Amino acid sequence: KRIIMEYQNTCYQKHFLNQVIVRLDFLETLDNSKVFYEELEKNIVKHFPIKGKEQLIKLNEINVKINMLEPSKSATTNDIKAGLQKEYYDKNASNKIIISNKFIVFEINTYTSFEELLSIVNNIFPAFMSRTNLTIQRMGIRYINIFEPEKIKLQKKFFQPDISSTISKRTQTLDDNLKM
């Protein structure tokens, strides 16, 4: 199912995002045949046509079963499996996707809009889900802002009042420290 939303009213005219990372971790360790197959790769190379590293990785799963009634019957198992991890890059080699038997990571270093990010995820992830029923254990989106003074001078008007007052105090302190 594709998520379609309009965020035009909330888009910044200029943003300071240096990187956006979307990560989905799976509860299960998936078989290679369910992760690496032709249809999925076709969807990936539409956005990330440059193949990067292919690595053999070890996946360590520790399972703890606690028996509250009989603690002596509690058990811990350590299961080590071999897996693959593949990387694909966009045509500028600035954005990439990393896929393994335990996770998918979208690393976007040239972020333009949430709609474009969502479009990339929506074109790749449904093909991935069509091959297997999996449980997403953890997912997240991390927005990384790095304010570089040589590129832009921070101004109060860029932020909400409660944030702008903090930023204006910090930039004044930075300016004062640089003058010393």
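Just so you know, these numbers come straight off a predicted model, no measurement behind them. Values reported hereafter were calculated over all heavy atoms of this structure, with side chains retained and with hydrogens, waters and symmetry mates removed.
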Gap separating the [atom1] atom of [X] from the [atom2] atom of [Y], nearest 0.5 angstrom:
| X | Y | atom1 | atom2 | answer |
| --- | --- | --- | --- | --- |
| I108 | I144 | CD1 | CD1 | 12.0 Å |
| I104 | I97 | CD1 | CD1 | 5.5 Å |
| S100 | I57 | OG | CD1 | 4.5 Å |
| N60 | I80 | CG | CD1 | 5.0 Å |
| I44 | I124 | CD1 | CD1 | 5.5 Å |
| F125 | I136 | CZ | CD1 | 4.0 Å |

Where do L59 and G83 come nearest, in terms of heavy atoms and distance?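 Smallest heavy-atom distance, with atoms named: CD1-CA, 4.1 Å.
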
Please report the closest heavy-atom contact between I66 and V64, naming both atoms and the distance.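 In this case the closest contact between I66 and V64 is CG1-CG1, 3.8 Å.
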
Which ILVMFWY residues are connected to I50, directly or by a chain of links, through side-chain heavy atoms under 4.5 Å apart?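 Its cluster partners, ordered by chain and number, are Y89.
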
Salt-bridge contact K102-E28 (side-chain N to carboxylate O under 4.0 Å):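 Salt bridge absent between K102 and E28.
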
Once ring-ring contact (aromatic ring centres under 6.0 Å, His included) is applied, what residue pairs with a partner in residues 24-46 remain, sequence neighbours excluded?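 Applying ring-ring contact (aromatic ring centres under 6.0 Å, His included) to every pair that reaches into residues 24-46, excluding sequence neighbours, yields F26-F128.
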
[X] vs [Y] side-chain heavy atoms within contact, under 4.5 Å:
| X | Y | answer |
| --- | --- | --- |
| K65 | K73 | no |
| I141 | I21 | no |
| F48 | I120 | yes |

Is there a donor-acceptor contact under 3.5 Å from the side chain of [X] to the main chain of [Y]?
| X | Y | value |
| --- | --- | --- |
| T135 | L27 | no |
| D31 | S33 | no |
| D90 | N92 | yes |
| N43 | N123 | yes |

Show your working on side-chain contact (heavy atoms from CB on, under 4.5 Å) between N95 and F106 and close with a plain yes or no. CA-CA 8 Å; N95 301 320; F106 297 87; over 6 Å; no

Test side-chain contact (heavy atoms from CB on, under 4.5 Å) on I98 and Q85 and set out the steps. CA-CA 7 Å; I98 305 166; Q85 179 174 305; 3.6 Å; yes

side-chain contact (heavy atoms from CB on, under 4.5 Å) between L24 and F103, worked out: CA-CA 5 Å; L24 301 144; F103 61 83; over 6 Å; no

A quick test of your reading: do over 12 heavy atoms of other residues, nucleotides or ligands sit less than 6.0 Å from [atom1] of [X]?
| X | atom1 | value |
| --- | --- | --- |
| N133 | CG | no |
| K86 | NZ | yes |
| M129 | CE | yes |

Run the side-chain contact (heavy atoms from CB on, under 4.5 Å) test on L30 and L134 for me, step by step, so that the C-alpha distance in whole Å, both residues' side-chain angles and the decisive distance to 0.1 Å come before the verdict. CA-CA 8 Å; L30 303 174; L134 62 90; 3.8 Å; yes

Donor on one side chain, acceptor on other, N32 and N101, under 3.5 Å: yes

Using distance alone, with no hydrogens and no angle criterion, decide if Q19 and N109 have a side-chain donor and acceptor under 3.5 Å apart. yes

Exactly one of K96, R23, E87 should register a side chain to side chain contact (heavy atoms under 4.5 Å, CB included) with E107. Which one does? K96

